[in-house]
4 protein chains.
Amino acid sequence: MTPTEVSQPIAPPDRRQQILDAAMTCFGRRGFHPTTMQDVADEAKVSVGLIYRYFPSKDAVIAEIAREHKADLAELLEQARQAPSLFEAIEIFFTCHHDDEHAQVIAPFVLDLFAESARNAHVRALVRDVHHCFVDGIAELIAASGDAERLPRGFSPRQAAELIVDATHGLMIRDVTELSDLSPASACERQLAGLRSLWTLLFPAAHDLCVPTGEQP
Amino acid sequence: MTPTEVSQPIAPPDRRQQILDAAMTCFGRRGFHPTTMQDVADEAKVSVGLIYRYFPSKDAVIAEIAREHKADLAELLEQARQAPSLFEAIEIFFTCHHDDEHAQVIAPFVLDLFAESARNAHVRALVRDVHHCFVDGIAELIAASGDAERLPRGFSPRQAAELIVDATHGLMIRDVTELSDLSPASACERQLAGLRSLWTLLFPAAHDLCVPTGEQP
Amino acid sequence: MTPTEVSQPIAPPDRRQQILDAAMTCFGRRGFHPTTMQDVADEAKVSVGLIYRYFPSKDAVIAEIAREHKADLAELLEQARQAPSLFEAIEIFFTCHHDDEHAQVIAPFVLDLFAESARNAHVRALVRDVHHCFVDGIAELIAASGDAERLPRGFSPRQAAELIVDATHGLMIRDVTELSDLSPASACERQLAGLRSLWTLLFPAAHDLCVPTGEQP
Amino acid sequence: MTPTEVSQPIAPPDRRQQILDAAMTCFGRRGFHPTTMQDVADEAKVSVGLIYRYFPSKDAVIAEIAREHKADLAELLEQARQAPSLFEAIEIFFTCHHDDEHAQVIAPFVLDLFAESARNAHVRALVRDVHHCFVDGIAELIAASGDAERLPRGFSPRQAAELIVDATHGLMIRDVTELSDLSPASACERQLAGLRSLWTLLFPAAHDLCVPTGEQP
DNA sequence: AATGAATGAGGCTTCATTCAT
DNA sequence: CATGAATGAAGCCTCATTCAT
């Protein structure tokens, strides 16, 4: 009667993750506040009561998802650090939300996080933290890369990083409000276009704008 | 425009506006969903029932406020058009939210609008509309100004406008998540710093970046 | 349209009291914990929501009823003070719960209060307070009456008062557990019998107990 | 009586009793209704499911504990019968709840039983039964002892027994509401003081009250 | 026009009970 | 025998909305 203890043929369903995933889906779909625990339970194919075996409250679920989101971004930063070039590293941020099917879920969720951070100190702290990690990470990336000196005069890596992050957020908003009907692929294209614009500005090819300058006797 | 402008020299309290203002305050403070009609009524020093005399539902109030917000921005755009220089015109956008006491109210509200636009088609249409007006308006501003030709090679006024708008949104998010504890004045400073950064990039002073090139006569 | 302000033909329904009465009935019937807000609402012919316009929580309703109970007892004590004789004064306590139709409601409620006081500090404080008032009041009553000197040697008015109160409580328990099927009238009889027993002990008529002794050979 | 008394020299943990003890503790701590099956399971270091192997429902657990309580009291009565004197016999009742660590558990539990008996016919029957046993037992004790004739004139052993039981209950209430912060020892003292009071009344030493009479010429 | 009492559906959360392992 | 994951009914409370005054 006991299952064969050998090959773990059926992975034990990770209820916790199952619930978190369902919650993420729901939150992305309807937002924190309008999502009911019943919604989450239904999405997770689970009873409401069970959610409370794993999380003490709805807020705790939100908090956990936010934490997960933070971890995802940290990993993203790590990936970026491995990228061969600065451009590619930053490309990762600009396109990250479009790699998978969660595309239309994560952005709305993040926007909700931002909105929530205006009144919930806990969420605010987390968002702020994520933001700092990002800016710092990108600033380091720029500083470490040879491209730093290509920045316009008086432009620090940090300033550049902040601009990049801000633009990313702005683009995310565009994604949500303008492109929600478009395919993830198109959205991704849009992001890349945004990146290239910014890139051109931040790191003007020497030959393109200024190289001639220095070369002149 | 209001009826009976004659016999009532003292303008009757504009209940409608009173309610809208109160709602704006509440929404900014707590967000759409958590704000109750009672909150709004209290803030407006009015009974709950009265709100329903002017608006058919809570959603209608939200919609109306959003519409108002749109009108405000249109006016802002108009102001910008009157500005003596492009920089000053754009400065208006970057600092608009900090001029008055509503500073800490509008930004959270707008973030809520963005978040809401992810699921509410009506809100989405409005946000999108506002966004287009903005981008178009700024692009025109740039095109009309003599500064357009100072844009980096291959950079259209529209691209610049999009970048400006995105960055503005990104900065607004920073405002809400990072600066909520700071004074509006500091927040405004921050915005201006952001603007100057971007400005330096978009419109490099000839002498600053390229004059040295020597290409100039 | 406004109601005639003259004769108050229709007394404005005192919702608050209406709810309290209903709650009292329900609590007496089923106890605090098993009684639902819906029960109370139904009993009061009112919606659940309305209860929350008058009380912030179920506990607040309980607390208020307890407070009311305390006030009732204070009044009872006052009545007792007016009584022509000590016996009649004390009789009031022993029979108070049987005067009206609430007979079968108050005693269970009080028992619930006692039980609750074992874990709820707030309730405990109230019960304790009531108890002190009682003992003090009765002790005073005894001391003030000429009967005090008839107390057995070494028996203080306070001791007598404590015994009376304890016995009253014990009788109340008997009421609830034994006589719940009997008529209030019988229950009252029972109480009086208890009182007479105790009375005989506390205030033995000199001739009744001791004088006769002398008759013994 | 239990099966397989042979092969298991070490008594298997008596799950049933273990659960009952835990339940008693919990009920005393928080009351019937607020106590959850999980509370009981935790206290018993057992799984919730296991409780249902031994008891069909929460109510059954309560009922069983009540039955146990009844048995305990029966035993107490038996002990009392063995006591050398009436006073000592009755002392047993007054102090019984203070002999062991359950002191602060049993009284609240009994109060809960009383409160519950107001609405639960089953509990009521049990409480009534216990009560009768008690009164009968004590009345017998009094009747059997030589002290019976020392009772005040017209006072039957049964009347005395009832008074004793009532006073005991009243004192128990005082214990719970007033002395919950005191040590069991102090509480016991209190009980004994109560007993002595009552005793003095019920069984006035001849010389104490009446002998003086004899002093009269 | 204005009030605010009243409603009741619905949300979050708890908990007795069941059942697969 | 034992576990504890899982269920779902039900409880407390909130709040958008209505309506008598």
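Here is the naming used below: chain letters follow the sequence lines, and residue numbers restart at 1 for every chain. Keep in mind that this is a model prediction, so the values were computed, not measured. Atoms considered below: every heavy atom in the structure, side chains included; atoms not considered: hydrogens, waters and symmetry mates.
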Taking only the side-chain heavy atoms of [X] (C-beta and beyond), determine which of [options] contains the nearest atom.
X: C/Met37; options: F/dC13, E/dT17, F/dT17; value: F/dC13
X: B/Thr36; options: E/dT13, F/dC13, F/dC15; value: F/dC15
X: D/Ser47; options: F/dA2, F/dG11, E/dA16; value: F/dA2
X: C/Lys58; options: E/dG4, F/dC12, E/dT17; value: F/dC12
X: B/Arg53; options: F/dC13, E/dA2, F/dT17; value: E/dA2

Within the 4.0 Å heavy-atom criterion, would you say A/Val46 contacts the bases, only the backbone, or no part of the nucleic acid?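 The residue A/Val46 makes sugar-phosphate contact but no base contact.
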Flag for A/Glu43-A/Gln38: side-chain donor and acceptor within less than 3.5 Å: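 On atom types as modelled, these side chains do not qualify, holding no pair under 3.5 Å.
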If you measure only the distance, is there a donor-acceptor pair under 3.5 Å linking the side chains of D/Gln18 and D/Asp14?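 No, D/Asp14 and D/Gln18 have no side-chain donor paired with an acceptor closer than 3.5 Å.
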Taking the nucleotide of DNA chain F with the nearest heavy atom to each, does B/Ser57 or D/Lys45 sit closer to the 5' end?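 Taking each residue's closest nucleotide, the earlier one in sequence belongs to D/Lys45.
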Assigned partner base of F/dT21, Watson-Crick or wobble definition, under 3.5 Å: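 Matched F/dT21 with E/dA2 under the 3.5 Å cut-off.
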F/dC12 pairs with, by Watson-Crick or G-U criteria that keep both distances under 3.5 Å: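 Partner of F/dC12: E/dG11.
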If each of B/Gly49 and D/Tyr52 is mapped to the nucleotide of DNA chain E with the nearest heavy atom, which maps nearer the 5' terminus, i.e. the 5' end?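 Taking each residue's closest nucleotide, the earlier one in sequence belongs to B/Gly49.
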Closest-nucleotide ordering on DNA chain E, the 5'-leading residue of B/Ile51 and A/Leu50: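 In this pair, the answer is B/Ile51.
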Just to confirm, is there a sub-4.0 Å distance from OP1 or OP2 of F/dA6 to any side-chain nitrogen or oxygen of A/Arg15?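 Yes, such a contact exists.
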Phosphate contact (E/dA6 OP1 or OP2) by C/Tyr54 side-chain N/O below 4.0 Å: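 Checking C/Tyr54 against E/dA6: at least one side-chain N or O falls below 4.0 Å of OP1 or OP2.
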To the nearest angstrom, how far is [X] atom [atom1] from [N] atom [atom2]?
X: D/Arg30; N: E/dT14; atom1: CZ; atom2: P; value: 12 Å
X: B/Ile62; N: F/dA16; atom1: CD1; atom2: C1'; value: 12 Å
X: D/His33; N: F/dA10; atom1: NE2; atom2: C1'; value: 15 Å
X: B/Gln38; N: F/dT14; atom1: CD; atom2: C1'; value: 12 Å
X: D/Asp39; N: F/dG4; atom1: CG; atom2: P; value: 16 Å
X: C/Asp42; N: F/dG11; atom1: CG; atom2: P; value: 11 Å
X: D/Gln18; N: F/dC1; atom1: CD; atom2: P; value: 13 Å
X: C/Asp14; N: E/dA6; atom1: CG; atom2: P; value: 10 Å

How far apart are the closest heavy atoms of A/Ala115 and B/Asp112, and which atoms are they?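 Taking A/Ala115 first and B/Asp112 second, the nearest heavy atoms are CB-OD1, 3.4 Å.
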Aromatic ring pairing C/Phe27/C/Phe109, orientation class (parallel under 30°, perpendicular over 60°, tilted between):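 Parallel.
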Kindly indicate, with the supporting measurements, whether the criterion side-chain contact (heavy atoms from CB on, under 4.5 Å) is fulfilled by B/Tyr54 and B/Val61. CA-CA 9 Å; B/Tyr54 293 96; B/Val61 177; over 6 Å; no
Would you call C/Arg124-C/Glu116 a salt bridge at under 4.0 Å N-O?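 Looking at C/Arg124 and C/Glu116, the cut-off is not met.
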